[in-house]
Amino acid sequence: MDKQDFYTQVYAIVKEIPYGRVTSYGAIAKSIGMPKSSRMVGYAMNASHDMPDVPAHRVVNRNGLLTGRMHFATPNQMEDLLVKEGILVKEHQVQNFEALFWDPFSLIN
DNA sequence: CCGTTGACGCCAT
DNA sequence: TATGGCGCCAACG
């Protein structure tokens with residue numbers, strides 16, 4: 001797999017995350033077939049700021065923690081966007097994470 | 001060319 | 001249960 005494809009596929013999956021749902025960096029990496037490259041998913045998100053149709057705020061870490069919040073325009077932007085979608089966020093962490101979690105694998109099935 | 005740096009996650013303790 | 005260590009690997013200086 002080309003590293004260019006990696007970015008492309010990451011964006012393709014993130015675009016499919018349903019409104020009001022979230023997923024994790026690791027889940028995305030795994031669905032692409034590179035389970036060890038979760039860090040690269042985060043890197044891809046950092047480079048997706050000028051891509052309006054890529055909802056990077058719906059990607060959190062495997063514990064539902066908003067680890068990427070510092071990279072948005074303001075530290076509260078990520079949290080605000082999630083709350084706006086009806087997701088309850090407390091202490092920078094998505095509440096009811098298990099129920100809101102969207103598995104990218106469901107895209108394949 | 002090479003050491004450092006992370007929007008991460010698994011594993012050992 | 002909670003930390004800490006470490007593998008991961010593309011950017012960056």
Side-chain angles (χ1 to χ4, degrees):
Chain A
M1 171 185 292
D2 193 288
K3 55 186 174 185
Q4 179 67 46
D5 294 332
F6 179 80
Y7 277 75
T8 301
Q9 291 190 45
V10 168
Y11 295 142
I13 290 179
V14 175
K15 286 180 182 176
E16 297 305 316
I17 303 175
Y19 181 94
R21 302 290 296 283
V22 295
T23 191
S24 71
Y25 303 97
I28 293 172
K30 199 186 304 178
S31 69
I32 293 178
M34 297 186 69
K36 303 296 184 182
S37 301
S38 52
R39 301 189 77 140
M40 297 303 101
V41 175
Y43 209 99
M45 290 303 95
N46 192 33
S48 73
H49 278 212
D50 50 338
M51 303 179 69
D53 49 341
V54 177
H57 61 283
R58 296 184 190 144
V59 185
V60 298
N61 83 344
R62 73 158 192 140
N63 298 128
L65 195 62
L66 278 54
T67 49
R69 54 187 294 276
M70 308 306 280
H71 297 271
F72 285 78
T74 68
N76 295 327
Q77 178 96 61
M78 186 176 188
E79 186 169 329
D80 290 341
L81 289 171
L82 291 175
V83 171
K84 185 179 179 183
E85 298 188 2
I87 296 176
L88 182 59
V89 180
K90 186 179 181 182
E91 300 295 314
H92 309 314
Q93 190 161 8
V94 174
Q95 303 299 295
N96 200 21
F97 179 60
E98 277 193 14
L100 295 176
F101 181 78
W102 177 77
D103 191 347
F105 192 73
S106 64
L107 206 57
I108 305 174
N109 292 338

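Both backbone and side-chain heavy atoms feed into the values below; hydrogens, waters and symmetry mates do not. Order of the sequence lines fixes the chain letters, A, B, ..., with proteins taken first and strands second; residue numbering starts at 1 for each chain.
The minimum heavy-atom distance linking Val60(A) with Met78(A) is given by the pair CG1-CE, 4.0 Å.
Atom pair Arg69(A):CZ and dC8(B):P shows a separation of 13 Å (rounding to whole Å applied). With rounding to whole Å, Met34(A) atom CE is found 14 Å from dG7(C) atom C1'. Asn63(A) places its CG atom 14 Å from the C1' atom of dA7(B), with the value rounded to the nearest Å. Put simply, CG on Leu66(A) is 15 Å from C1' on dC8(B), counting in whole angstrom units. Rounded to whole Å, atom P of dA11(C) lies 13 Å from atom CE of Met45(A). One atom, CZ of Phe101(A), and another, C1' of dG9(B), lie 13 Å apart when rounded to the nearest Å. Rounded to an integer number of Å, the gap from Met40(A) CE to dA10(C) P is 7 Å. Atom CG in Asn46(A) sits about 12 Å away from atom C1' in dT5(B), given to the nearest Å.
For dA11(C), the OP1/OP2 oxygens have a side-chain nitrogen or oxygen of Tyr7(A) closer than 4.0 Å. Checking the phosphate oxygens (OP1, OP2) of dC8(C), no side-chain nitrogen or oxygen of Ser38(A) falls inside 4.0 Å. Between Arg39(A) and the phosphate of dG7(C), there is no side-chain N or O to OP1/OP2 separation shorter than 4.0 Å.
With contacts defined as side-chain heavy-atom distances shorter than 4.5 Å, the pair His71(A)/Met45(A) does not qualify. In this structure the side chain of Phe97(A) reaches within 4.5 angstrom of the side chain of Val22(A), judged on heavy atoms. Side-chain contact between Leu66(A) and Leu82(A) is present, with at least one heavy-atom pair separated by less than 4.5 Å.
Checked against dA11(C), dA7(B), dC9(C), the side chain of Ser37(A) finds its nearest nucleotide in dC9(C).
Side-chain atoms of His57(A) and base atoms of dA7(B) include no donor and acceptor less than 3.5 Å apart. The base of dA11(C) lies outside donor-acceptor range of the side chain of Tyr43(A), with no N or O pair under 3.5 Å.
Listed for the Tyr11(A) side chain is a donor-acceptor partner under 3.5 Å among the backbone atoms of Ala44(A).
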